[in-house]
Asker: 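Here it is, the structure in full.
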Amino acid sequence: MNRRTLLTVGALAGLAGAGLAWWRLRPGEADLAGFWDQHFPTPEGGHLALASLRGRPLLVNFWATWCPPCVEELPLLDRFYTENKVNGWQLLGLAVDQPDPVNRFLARAPVSFPVGMAGLAGVDLTRQLGNAAGGLPFSVVFGADGRLLHRKIGQVQAGDLAAWRTT
């Protein structure tokens, strides 16, 4: 095989791999049936009802202590929450993790937004919201009317938050 053919085959294989990755990780259809009826224990021992967060813009971030990009984005999310809660924004972190590691993590790196314990069932919830791969981090934005407006698989960036803030 000559060099040009080899390069062409390599490029096509790379494109096919990228296309497959995009297809597997693209957001699927969301199923909001029963979503707002859910309750989650909090690390402090209380309970958080999703219905109590309806009526204002809401960013829900699924994260875990064992997920480096999740941990890396938490300070950015915390800044977003502190800067925008006066404008009605809410943020909920749903930990797809066990209570002990989450409590230890939050003792070292507290956040100002509420955290709920979704446990391993959180992966199923992300799939219900359109995260077919079940990957973390995963973020969703709901409008004040409860409609799902945005979804992101992967680490949130400042540009994402800026775009979402205007919706």
Side-chain angles (χ1 to χ4, degrees), residues 13-32 35-36 38-44 48 50 53 56-85 87-143 147-167:
L15 285 172
L20 179 61
W22 173 84
W23 182 81
R24 285 192 66 235
L25 295 176
R26 78 189 187 293
E29 292 299 315
D31 176 10
L32 295 180
F35 176 77
W36 294 103
Q38 297 188 61
H39 294 70
F40 299 95
T42 64
E44 304 84 28
L48 189 137
L50 278 179
L53 301 174
R56 296 186 302 169
L58 171 65
L59 168 58
V60 179
N61 175 260
F62 292 86
W63 67 284
T65 60
W66 45 263
C67 167
C70 299
V71 170
E72 204 173 293
E73 74 183 357
L74 285 176
L76 177 66
L77 292 170
D78 199 46
R79 277 192 305 278
F80 174 81
Y81 176 68
T82 12
E83 292 169 2
N84 292 283
K85 64 183 175 184
N87 299 323
W89 272 92
Q90 304 173 98
L91 198 151
L92 171 63
L94 286 178
V96 181
D97 210 327
Q98 298 297 314
D100 288 340
V102 170
N103 284 324
R104 284 193 305 272
F105 176 83
L106 292 175
R108 286 189 326 271
V111 294
S112 54
F113 54 85
V115 172
M117 298 300 306
L120 291 179
V123 174
D124 292 333
L125 183 54
T126 70
R127 287 190 175 113
Q128 180 184 340
L129 294 171
N131 180 2
L136 294 177
F138 179 64
S139 299
V140 291
V141 176
F142 294 93
R147 285 184 308 118
L148 181 60
L149 302 176
H150 304 284
R151 293 176 286 189
K152 174 151 183 161
I153 300 169
Q155 190 171 349
V156 170
Q157 304 296 322
D160 299 318
L161 296 172
W164 296 343
R165 184 176 37 237
T166 62
T167 59

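Nothing fancy with the numbering, it's 1 onward along the sequence.
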Asker: Could you tell me the separation between the CG atom of L48 and the CG atom of L53, rounded to the nearest 0.5 Å?
Answerer: 5.5 Å
Asker: Considering all heavy atoms of both residues, which atom of F80 and which atom of L91 are nearest to each other, and what is their separation?
Answerer: CD2-CD1, 4.1 Å
Asker: For P57, enumerate each residue passing the side chain to side chain contact (heavy atoms under 4.5 Å, CB included) test, keeping only those at least two apart in sequence or located in another chain.
Answerer: W89, A144
Asker: Could you list the residues that satisfy side chain to side chain contact (heavy atoms under 4.5 Å, CB included) with H150, not counting sequence neighbours?
Answerer: V141, W164, T167
Asker: Taking only distance into account, with no hydrogens and no angle test, what donor-acceptor pairs under 3.5 Å do side-chain atoms of residues 58-69 form with protein atoms, sequence neighbours excluded?
Answerer:
residue : atom : partner : partner atom : Å
N61     : ND2  : E73     : OE2          : 2.8
N61     : ND2  : S139    : OG           : 2.8
T65     : OG1  : D97     : OD2          : 2.5

Asker: Grab the two heavy atoms, one from R151 and one from V140, that are nearest each other, plus how far apart they are.
Answerer: CG-CG1, 3.6 Å
Asker: Apply side chain to side chain donor-acceptor pair (under 3.5 Å) to R56 and list each qualifying residue two or more places apart in sequence or on a separate chain.
Answerer: Q90
Asker: Return the CG to CG distance between D31 and L148, rounded to the nearest 0.5 Å.
Answerer: 11.0 Å
Asker: In Å, rounded to the nearest 0.5 Å, how long is the span from OG1 of T126 to CG of L136?
Answerer: 6.5 Å
Asker: Using the side chain to side chain contact (heavy atoms under 4.5 Å, CB included) criterion, which residues pair with D124? Sequence neighbours excluded.
Answerer: R127
Asker: Assess the residue pair F40 and L50 against the criterion (side chain to side chain contact (heavy atoms under 4.5 Å, CB included)); give the C-alpha distance rounded to whole Å, side-chain angles, the decisive distance to 0.1 Å, and a yes or no.
Answerer: CA-CA 8 Å; F40 299 95; L50 278 179; 3.8 Å; yes
Asker: Please step through side chain to side chain contact (heavy atoms under 4.5 Å, CB included) for the pair L74 and L77, ending with a clear verdict.
Answerer: CA-CA 5 Å; L74 285 176; L77 292 170; 4.3 Å; yes
Asker: Could you please spell out the steps behind the side chain to side chain contact (heavy atoms under 4.5 Å, CB included) verdict for F105 and V111?
Answerer: CA-CA 10 Å; F105 176 83; V111 294; 5.7 Å; no
Asker: Look at the side chain of D78 and the backbone N and O of S112, then say whether any donor-acceptor pair between them is shorter than 3.5 Å.
Answerer: yes
Asker: Looking at V102 and A95, what are the two nearest heavy atoms and their distance?
Answerer: CG2-CB, 3.7 Å
Asker: T82: what forms a side chain to side chain donor-acceptor pair (under 3.5 Å) with it, not counting sequence neighbours?
Answerer: none
Asker: Who pairs with Q38 by side chain to side chain donor-acceptor pair (under 3.5 Å), at least two apart in sequence or on another chain?
Answerer: none
Asker: Check N131, V96, L125, L94 against F138 for a side chain to side chain contact (heavy atoms under 4.5 Å, CB included) and give me the one that passes.
Answerer: N131
Asker: For F35, which residues count as a ring pair (Phe, Tyr, Trp, His ring centres under 6.0 Å) partner, sequence neighbours excluded?
Answerer: F142
Asker: Taking all atoms of both residues into account, what is the closest heavy-atom pair of L76 and A158, and its distance?
Answerer: CD2-N, 3.6 Å
Asker: Keeping to residues at least two apart or across chains, list the salt bridge (Lys or Arg N to Asp or Glu O under 4.0 Å) pairs with something in residues 153-165.
Answerer: K152-D160
Asker: Mind checking side chain to side chain donor-acceptor pair (under 3.5 Å) for R147 and listing every partner two or more places apart, or none if nothing turns up?
Answerer: D145
